[in-house]
Amino acid sequence: MCLQEATSCHDIGGYSLKESEQLFFLFEANRNRENAGPMSAYMKNHFPFLGIKSPDRRILMTQFFRDTGILKKPFSEAFVRELWSYPERELQYAAMDYMMKYAKKLEKGYISLLKELIEQKSWWDSVDAIASNLVGSIAAKYPELMDEYIEHWSKHENMWLRRTAILFQLKYKEKTDEERLYRYILRNADSGEFFIQKSIGWALREYSKTNPESVRAFIESHSLAKLSVREGSKYI
């Protein structure tokens with residue numbers, strides 16, 4: 001793919017664009033209709049795509065960050081919300097690219113924003129990235145959020161919040177709160193929802209890399225869905 005710069009990264013016809021608009025025009029200039037259909041189909045046609053694959057999107061984001069200097073400014077919740085409002089899925093990916101640049105700097109109040117993003121335009125691609133990277137990061141910095149928010153998510157009617165509660169410790173390794181992980185898993189163990197069963201297996205599989213004996217004992221002593229057991233047992 002030959003990446004193109006937008007007509008102007010800062011203005012069109014003398015009108016100064018917001019950064020979200022600048023990014024959209026940059027992405028629009030690099031639309032690939034041949035890619036768009038298969039990319040949308042892969043996501044069960046839940047979202048329209050511009051057809052910009054991840055490696056190309058990262059190149060464009062590097063250009064956007066350089067040209068706008070947005071990373072030199074304080075974190076912008078408005079920018080994230082504006083990108084989330086676009087129908088094209090790559091704009092949500094761009095929002096997550098942006099948020100990842102601030103992951104270790106986000107204050108605890110942004111947990112509410114992350115909750116909203118999990119609940120809006122929900123699918124595994126956005127939810128999993130937010131759960132393991134952003135929620136995981138902010139909860140590690142502010143552990144009180146686990147009881148104030150994530151505890152409630154683990155039994156929430158919204159399936160994606162429950163999945164987030166199960167997955168947010170995915171990268172914690174030896175710092176995993178094992179009791180909390182197992183509690184959230186058991187709280188959701190009888191779910192017939194594929195995405196919950198899969199998340200349980202994924203969380204167990206990752207934790208088994210750190211504590212295989214604990215995971216083996218947990219799986220053997222509890223009744224879990226076959227999918228969860230199969231996924232969770234891969235490395236033990």
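Numbers here simply count residues along the sequence, with the first being 1. All figures in this text were calculated on a predicted structure; none of them were measured in a lab. Just so it is clear, the values below take in all heavy atoms, side chains as well, and ignore hydrogens, waters and symmetry mates.
- Counting heavy atoms of neighbouring residues, nucleotides and ligands inside a 6.0 Å radius, atom CD of E34 does not exceed 12 of them.
- With values rounded to the nearest 0.5 angstrom, I111 atom CD1 is found 5.0 Å from I150 atom CD1.
- Using a 4.5 Å heavy-atom threshold, the side chains of T176 and N211 count as separate.
- Residues K115 and H152 fail the side-chain proximity criterion, which asks for heavy atoms closer than 4.5 Å.
- Remark: R89 engages D125 in a salt bridge (charged side-chain N to carboxylate O under 4.0 Å, His left out) (not counting sequence neighbours).
- With S40 contributing its side chain and A36 its backbone, the two residues share no donor-acceptor pair below 3.5 Å.
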Next on the checklist: R162 vs E193, test: salt bridge (Lys or Arg N to Asp or Glu O under 4.0 Å). Steps then yes/no.
Outcome noted: CA-CA 11 Å; R162 298 202 308 277; E193 171 56 58; over 6 Å; no

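- The CG atom of L224 sits 7.0 Å away from atom CG of L186, with the distance rounded to the nearest 0.5 Å.
- Residues A94 and L23 approach most closely at CB-CD2, 3.6 Å, considering heavy atoms.
- Using a cut-off of 4.0 Å between Lys/Arg side-chain N and Asp/Glu carboxylate O, E151 and R187 are scored as salt-bridged.
- Heavy atoms only, all atoms of each residue included: R57 and D97 are closest at NE-OD2, 2.8 Å.
- Smallest separation of non-hydrogen atoms from I200 and N188: CD1-O, 3.9 Å.
- A ring pair (Phe, Tyr, Trp, His ring centres under 6.0 Å) with Y98 is found for one member of Y93, W84, F75 and no other, namely F75.
- N133 places a side-chain N or O within 3.5 Å of a backbone atom of A129 that can act as its donor or acceptor partner.
- Note that CH2 of W160 is 10.0 Å distant from CG of L167, once rounded to the nearest 0.5 Å.
- Sorted by first then second residue, the salt bridge (Lys or Arg N to Asp or Glu O under 4.0 Å) pairs that include residues 68-80, not counting sequence neighbours, are E19-K73, E77-R81.
- A distance of 13.0 Å separates CD1 in I185 from OG in S191, rounded to the nearest 0.5 Å.
- Distance alone, capped at 3.5 Å, places no donor-acceptor pair between the R163 side chain and the V127 backbone.
- The shortest distance between side-chain heavy atoms of T210 and Y207 falls below 4.5 Å.
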Next on the checklist: Using the rule given for side-chain contact (heavy atoms from CB on, under 4.5 Å), can you reason through I219 versus I236, listing the C-alpha separation, both sets of side-chain angles and the distance that settles it, and then say yes or no?
Outcome noted: CA-CA 11 Å; I219 289 175; I236 57 175; 4.1 Å; yes

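- Distance CH2/W202 to CD1/I166: 12.0 Å, rounded to 0.5 Å.
- In terms of modelled atom types and a separation under 3.5 Å, the side chain of S137 and the main chain of A103 share a donor-acceptor contact.
- With hydrogens and angles disregarded, no donor-acceptor distance shorter than 3.5 Å links the side chain of Q169 to the backbone of G136.
- Counting heavy-atom neighbours within 6.0 Å of K108 NZ, excluding the residue itself, gives a total above 12.
- Counting all heavy atoms, side chain and backbone alike, F47 lies closest to S122 at CZ-O, 4.2 Å.
- In this model, a donor atom of one side chain and an acceptor atom of the other lie less than 3.5 Å apart for E178 and S214.
- Using a 4.5 Å cut-off on side-chain heavy atoms (C-beta onward), K141 and K104 make no contact.
- Under the 30°/60° scheme for interplanar angles, the aromatic rings of Y86 and F24 are found to lie parallel.
- Nearest heavy atoms, L170 versus A203: CD1-CA, 3.9 Å.
- Note: I70 CD1 to K101 NZ = 12.5 Å, rounded to the nearest 0.5 Å.
- At least one side-chain heavy atom of F168 sits less than 4.5 Å from a side-chain heavy atom of R180.
- A heavy-atom distance below 4.5 Å is not found between the side chains of D177 and Y172.
- For residues 224-236, the pairs satisfying side-chain hydrogen bond (donor to acceptor under 3.5 Å, both in side chains) are K198-E231, R205-E231, with sequence neighbours left out.
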Item to check | side-chain contact (heavy atoms from CB on, under 4.5 Å) between M43 and W123, intermediate numbers included | outcome: CA-CA 8 Å; M43 291 299 166; W123 199 238; 3.5 Å; yes

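- Taking 4.5 Å as the limit, every side-chain heavy atom of Y142 sits out of range of all side-chain heavy atoms of E148.
- The side-chain heavy atoms of N35 and F49, taken from C-beta on, include no pair separated by under 4.5 Å.
- Of the possible donor and acceptor atoms, one in the side chain of E90 sits under 3.5 Å from a partner among the backbone N and O of I52.
- Residues I130 and M96 approach most closely at CG1-SD, 3.9 Å, considering heavy atoms.
- For the pair N32 (side chain) and G51 (backbone), a donor-acceptor distance under 3.5 Å is absent.
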